[in-house]
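Data first, discussion second: the structure below is written as structure tokens.
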Amino acid sequence: MWKKILYILGTAGIFYLAVLYGSRALLTVCGAAVLLPVFFLWALFYIKKKLKTELLFFSYPQTGTGDYLVGIRVENPNQIYLARVKAKIKVRNLATGSKRCVKVAGKIPAETVTELKGRIRNPEFGMWEAECERLQCYDWLNLLCLSSKISEKKQVMIFPDVHEINLKIGIRTRLFQSDGEQYHPQTSGDDPSETLKLREYQKGDRLNRIHWKLSAKNSSLIVAEMSMPMDCNVVCFLDGEPSLMKEREVRSYWEVVNSISQGLLNQECAHYLVWKNEIQNELCRKAVRRVEDLADFWSEISVVKMGKGADAEAYAREFSENLYASDLVWNEKLELFCNQKLLVKIRPEQLCQQLAELEILL
């Protein structure tokens with residue numbers, strides 16, 4: 001604003017001197033000063049019509065930081081550069097309503113595509129939506145501007161951080177006989193409905209495992225190894241109400257859940273994540289066998305209100321047909337239990353160190 005005031009005062013001063021001394025040269029300068037903003041506005045309008053914009057929201061954090069990038073991509077096909085553009089991007093968490101504002105600015109060279117980016121520092125877990133209503137284009141004296149409507153929204157799921165954790169899955173848990181529609185890809189079992197592999201007969205093989213039709217065709221005994229049914233032998237109870245916890249505690253709560261679930265996946269251990277939906281007052285669970293299952297869980301849990309009540313007793317009432325070998329209970333006091341034994345009470349400021357020193361035997 002002060003630049004506009006100075007420009008107007010300067011033009012008025014030149015006009016006053018031109019009239020006072022009857023100077024045609026000063027009148028010419030004054031006329032140019034009056035017409036110049038009009039020319040700049042016309043040029044801005046011409047450039048703005050051809051600009052192409054796209055809202056950017058990167059779904060992965062910057063290396064070594066918890067910051068996420070958000071910004072605007074501007075394509076300028078004109079042969080005239082823009083001295084300055086700026087935009088205000090509003091970002092909010094759809095579940096908690098938490099809001100952030102990122103301002104980006106810069107110049108746009110002629111016939112190029114430029115990305116103007118800013119940072120969201122350590123956003124909390126959940127589905128975030130970025131919105132930018134308009135892009136402001138300034139003239140070459142930085143006096144006037146024209147706005148270009150964008151009205152674009154973009155949503156990104158921000159996942160909790162994953163920390164190093166020491167998980168060991170015992171034989172009892174791995175080979176726990178449970179009924180399931182999934183089958184172990186490497187371990188044989190006793191389910192006659194699914195064949196794991198075919199091989200030649202070896203001494204000690206039972207006769208009822210011989211595949212007689214294939215044996216007759218190959219003139220040698222062929223044995224069919226049966227598959228082992230594989231269900232989720234570990235259940236993780238998320239017994240807490242994050243809405244009543246402090247922001248730092250909530251961040252730690254979800255980071256521990258993500259670290260444990262990722263650790264179990266790395267050990268090829270399928271597991272259930274169990275929580276209580278406070279609104280519907282029912283116990284919910286998600287089977288996690290692949291990374292995609294865990295991503296689906298985060299998308300689902302980010303939009304529900306979770307409450308207390310996810311425990312072994314409630315699970316037995318709701319899912320009485322499903323047996324499991326081991327369980328983990330993670331409550332809102334940041335206490336982690338394994339098979340009814342307290343393993344650790346997490347302090348948010350010491351989260352990484354405590355998880356690195358922790359050993360979980362299932």
Side-chain angles (χ1 to χ4, degrees), residues 66 93-98 122-128 157-167 232 234-264 271-288 293-319 324 326-362:
N93 187 305
L94 296 181
T96 65
S98 175
N122 295 315
E124 64 200 51
F125 149 72
M127 182 68 75
W128 287 77
M157 170 61 71
I158 293 181
F159 299 101
D161 291 339
V162 178
H163 303 283
E164 181 182 354
I165 191 167
N166 186 12
L167 273 166
C232 298
V234 175
V235 177
C236 302
F237 296 105
L238 311 182
D239 184 27
E241 194 166 351
S243 60
L244 301 180
M245 300 164 64
K246 298 178 181 178
E247 181 179 349
R248 199 171 182 182
E249 294 174 341
V250 173
R251 185 185 297 274
S252 299
Y253 188 90
W254 293 122
E255 288 179 4
V256 170
V257 174
N258 203 17
S259 299
I260 290 176
S261 191
Q262 292 278 9
L264 289 170
H271 54 283
Y272 279 119
L273 296 174
V274 180
W275 71 96
K276 183 178 181 180
N277 188 317
E278 185 72 12
I279 303 299
Q280 299 178 1
N281 193 30
E282 65 179 10
L283 209 62
C284 305
R285 68 176 181 178
K286 176 65 179 179
V288 180
D293 297 330
L294 185 56
D296 291 341
F297 163 77
W298 290 122
S299 299
E300 185 175 351
I301 201 69
S302 65
V303 295
V304 302
K305 180 178 172 61
M306 196 176 85
K308 297 186 65 176
D311 53 35
E313 293 183 4
Y315 187 82
R317 291 193 299 268
E318 188 74 19
F319 307 102
Y324 55 89
S326 300
D327 67 68
L328 293 168
V329 179
W330 176 232
N331 62 30
E332 61 187 7
K333 297 179 182 178
L334 302 186
E335 295 172 335
L336 180 63
F337 292 82
C338 178
N339 297 325
Q340 293 79 52
K341 179 183 177 182
L342 177 63
L343 294 182
V344 66
K345 180 177 175 60
I346 295 293
R347 296 181 178 85
E349 64 277 4
Q350 299 177 0
L351 175 62
C352 294
Q353 179 183 349
Q354 287 183 289
L355 287 183
E357 295 174 351
L358 181 64
E359 185 176 71
I360 302 177
L361 302 176
L362 294 171

[X] side chain to [Y] main-chain N or O, any donor-acceptor pair under 3.5 Å?
X      : Y      : value
Glu359 : Ile165 : no
Asn339 : Asp327 : yes
Ser98  : Asn93  : no
Ser302 : Trp298 : yes
Glu249 : Lys246 : yes
Trp330 : Val257 : no

Could you give the distance from [atom1] ([X]) to [atom2] ([Y]), rounded to the nearest 0.5 Å?
X      : Y      : atom1 : atom2 : value
Met157 : Leu94  : CE    : CG    : 9.0 Å
Ile360 : Leu264 : CD1   : CG    : 8.0 Å
Leu342 : Phe337 : CG    : CZ    : 4.5 Å
Arg285 : Tyr315 : CZ    : OH    : 4.0 Å
Asp161 : Arg251 : CG    : CZ    : 7.5 Å
Glu335 : Asp239 : CD    : CG    : 10.5 Å

Cys284: side chain to side chain contact (heavy atoms under 4.5 Å, CB included) partners, not counting sequence neighbours: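 By the side chain to side chain contact (heavy atoms under 4.5 Å, CB included) rule, Cys284 matches Trp275, Asn277, Glu282.
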
Which residues share a side chain to side chain contact (heavy atoms under 4.5 Å, CB included) with Glu164, sequence neighbours left out: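 Listed in chain order: nothing, the list is empty.
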
What's the shortest heavy-atom distance between [X] and [Y], and which atoms?
X      : Y      : value
Ala310 : Phe237 : O-CB, 3.4 Å
Ala287 : Asp293 : O-CB, 3.5 Å
Ile158 : Pro123 : CD1-CG, 3.5 Å
Tyr253 : Gly240 : OH-N, 3.9 Å
Gly309 : Leu283 : O-CD1, 4.0 Å

For residues [X] and [Y], determine if any side-chain heavy atom of one lies less than 4.5 Å from a side-chain heavy atom of the other.
X      : Y      : answer
Met306 : Leu238 : yes
Val329 : Asp311 : no
Leu334 : Met245 : yes
Leu273 : Ser261 : yes
Ile346 : Val344 : yes
Cys338 : Leu362 : yes
Lys286 : Ile301 : no

Any side-chain donor paired with an acceptor under 3.5 Å for Lys308 and Asn331?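 There is no such pair (donor and acceptor under 3.5 Å, judged by atom type) between the side chains of Lys308 and Asn331.
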
Would you call Glu241 and Lys305 a salt bridge, using N to O less than 4.0 angstrom?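 Yes, Glu241 and Lys305 are salt-bridged.
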
Assess the residue pair His163 and Glu255 against the criterion (side chain to side chain contact (heavy atoms under 4.5 Å, CB included)); give the C-alpha distance rounded to whole Å, side-chain angles, the decisive distance to 0.1 Å, and a yes or no. CA-CA 7 Å; His163 303 283; Glu255 288 179 4; 2.8 Å; yes

Apply side chain to side chain contact (heavy atoms under 4.5 Å, CB included) to Glu357 and Asn166, showing your working. CA-CA 8 Å; Glu357 295 174 351; Asn166 186 12; over 6 Å; no

Assess the residue pair Ser259 and Leu355 against the criterion (side chain to side chain contact (heavy atoms under 4.5 Å, CB included)); give the C-alpha distance rounded to whole Å, side-chain angles, the decisive distance to 0.1 Å, and a yes or no. CA-CA 9 Å; Ser259 299; Leu355 287 183; 4.2 Å; yes

Lys333 NZ: over 12 foreign heavy atoms closer than 6.0 Å: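 No, the 6.0 Å shell around NZ holds no more than 12 heavy atoms from other groups.
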
Yes or no on side chain to side chain contact (heavy atoms under 4.5 Å, CB included) for Gln262 and Leu294, after CA distance, side-chain angles and deciding distance? CA-CA 8 Å; Gln262 292 278 9; Leu294 185 56; 3.6 Å; yes

Aromatic ring proximity, centroids under 6.0 angstrom, Tyr272 and Tyr324: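 Judged by ring-centre distance (under 6.0 Å), Tyr324 and Tyr272 do not meet the cut-off.
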
